[in-house]
S.K.: 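Let me give you the structure first, and then I'll get to my questions.
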Amino acid sequence: PAEEPTAKYDSAYDVSGKRAAQLTGADGKTYVYDSTAGVVSGTVKSDVEVTFTYSLTDDGDKTADKYQATVTYKVTNGTWAEGMTEVTQRVTLTKDGQPATAADGGSYTLQAADIPAATANTGYGNGAWTTVPAPEAGATAVSSDATFEYAFTANDQKVTVKWVDEAGNALKPAEETTAKHDSAYD
């Protein structure tokens, strides 16, 4: 509910102390300060109205969700350095160094520290980004939720069949073929 203190004509007022950095709304959700409409301090010459606007922050940080995007990195047949197959991070969109929504031209440029390093599972290698464009530090900008995928391919494995007698002597030449790791062979 709006607070309406009474002030006399030509008296000084200052409501700047009423602005909270963060508050819990009647809905139980957390909101962070976003903007102010009106003059927060001055001399009363007529009715004064000051509105502090707050924006939702569902993820527990102190940045309004409308200024953020979720960047997800997925890996197939491997893991990220953290041992997981999916890593998600929240990034803050900015324009001219200030938080901005995507609609207002806000974006975030991925940094080297943002892009996780992948390790192949046993039997896999030749990893590559399957998302086009691939994330590139200092060059890839996101302005909305984005997912980047990295995949390792199965390595060739040698399959050898031998026919030997009880002493281990070859009864006929061994046969060799290749098969991909984790694939069936006959």
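All figures in this text were calculated on a predicted structure; none of them were measured in a lab.
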S.K.: Go through the steps for V87 and E82 under the test side-chain contact (heavy atoms from CB on, under 4.5 Å), then give the verdict.
M.R.: CA-CA 8 Å; V87 174; E82 299 84 6; 3.6 Å; yes

S.K.: In terms of hydrophobic clusters joined by side-chain contacts under 4.5 Å, are Y67 and V32 together?
M.R.: no

S.K.: Just by modelled atom types, is the A174 backbone N or O under 3.5 Å from a matching donor or acceptor in the E176 side chain?
M.R.: no

S.K.: Are Y124 and Y150 connected into the same hydrophobic cluster when the rule is that any two of I, L, V, M, F, W, Y join if their side-chain heavy atoms are below 4.5 Å apart?
M.R.: yes

S.K.: Considering all heavy atoms of both residues, which atom of S143 and which atom of G106 are nearest to each other, and what is their separation?
M.R.: CB-O, 3.4 Å

S.K.: Do you reckon V50 sits in the same ILVMFWY cluster as Y31, going by side-chain contacts under 4.5 Å, direct or chained?
M.R.: yes

S.K.: Do Y73 and V91 sit in one hydrophobic cluster, given that two such residues count as connected whenever their side-chain heavy atoms are within less than 4.5 Å of each other, even indirectly?
M.R.: yes

S.K.: Any non-hydrogen side-chain atom of T79 less than 4.5 Å from a side-chain atom of N121?
M.R.: yes

S.K.: Less than 4.5 Å apart, any side-chain heavy atom of K8 and any of Y13?
M.R.: no

S.K.: Are side-chain heavy atoms of E149 and V75 found at a separation under 4.5 Å?
M.R.: no

S.K.: Check whether any side-chain heavy atom of K29 sits under 4.5 Å from a side-chain heavy atom of L56, and report yes or no.
M.R.: yes

S.K.: Sequence neighbours excluded, which residues qualify as side chain to side chain donor-acceptor pair (under 3.5 Å) partners of S107?
M.R.: none

S.K.: Can you give me the closest heavy-atom contact between A20 and Y33, atom names plus distance?
M.R.: O-CB, 3.5 Å

S.K.: Consider side-chain hydrogen bond (donor to acceptor under 3.5 Å, both in side chains). Of T63, D61, T70, which one does R90 pass it with?
M.R.: T70

S.K.: Give a yes or no answer on whether the side chain of N77 reaches the backbone of F152 with a donor-acceptor pair at less than 3.5 Å.
M.R.: yes

S.K.: Let me see the working for Q157 and N155 under side-chain contact (heavy atoms from CB on, under 4.5 Å), right down to the final yes or no.
M.R.: CA-CA 6 Å; Q157 305 290 310; N155 291 333; 3.6 Å; yes

S.K.: Please identify which of these residues, R19, K62, K66, meets the salt bridge (charged side-chain N to carboxylate O under 4.0 Å, His left out) condition with D34.
M.R.: K66

S.K.: Distance from T140 atom OG1 to L110 atom CG, nearest 0.5 Å?
M.R.: 5.5 Å

S.K.: Could you give the distance from CD (E86) to OG1 (T76), rounded to the nearest 0.5 Å?
M.R.: 10.5 Å

S.K.: State, to 0.1 Å, how close Y108 and L93 come at their nearest heavy-atom pair, and which atoms those are.
M.R.: N-CD2, 3.9 Å

S.K.: K95 and D104: side-chain contact (heavy atoms from CB on, under 4.5 Å), yes or no, with the steps?
M.R.: CA-CA 8 Å; K95 180 178 180 182; D104 291 332; 5.6 Å; no

S.K.: Salt bridge or not for K45 and D10, using N-O below 4.0 Å?
M.R.: yes

S.K.: Could you verify whether a donor N or O on one side chain and an acceptor N or O on the other, from S41 and D14, lie under 3.5 Å apart?
M.R.: no

S.K.: Using atom types as modelled and distance alone, determine if a side-chain donor or acceptor of D65 lies under 3.5 Å from a backbone N or O of D58.
M.R.: yes

S.K.: Between Y54 and L23, is any pair of side-chain heavy atoms under 4.5 Å apart?
M.R.: yes

S.K.: Any heavy-atom pair between the side chains of V142 and F148 that's under 4.5 Å?
M.R.: yes

S.K.: Let me confirm one number: the NZ-OG1 distance from K74 to T130, rounded to the nearest 0.5 Å.
M.R.: 10.5 Å

S.K.: Does V159 belong to the same Ile/Leu/Val/Met/Phe/Trp/Tyr cluster as V164, with side-chain heavy atoms less than 4.5 Å apart forming each link?
M.R.: no

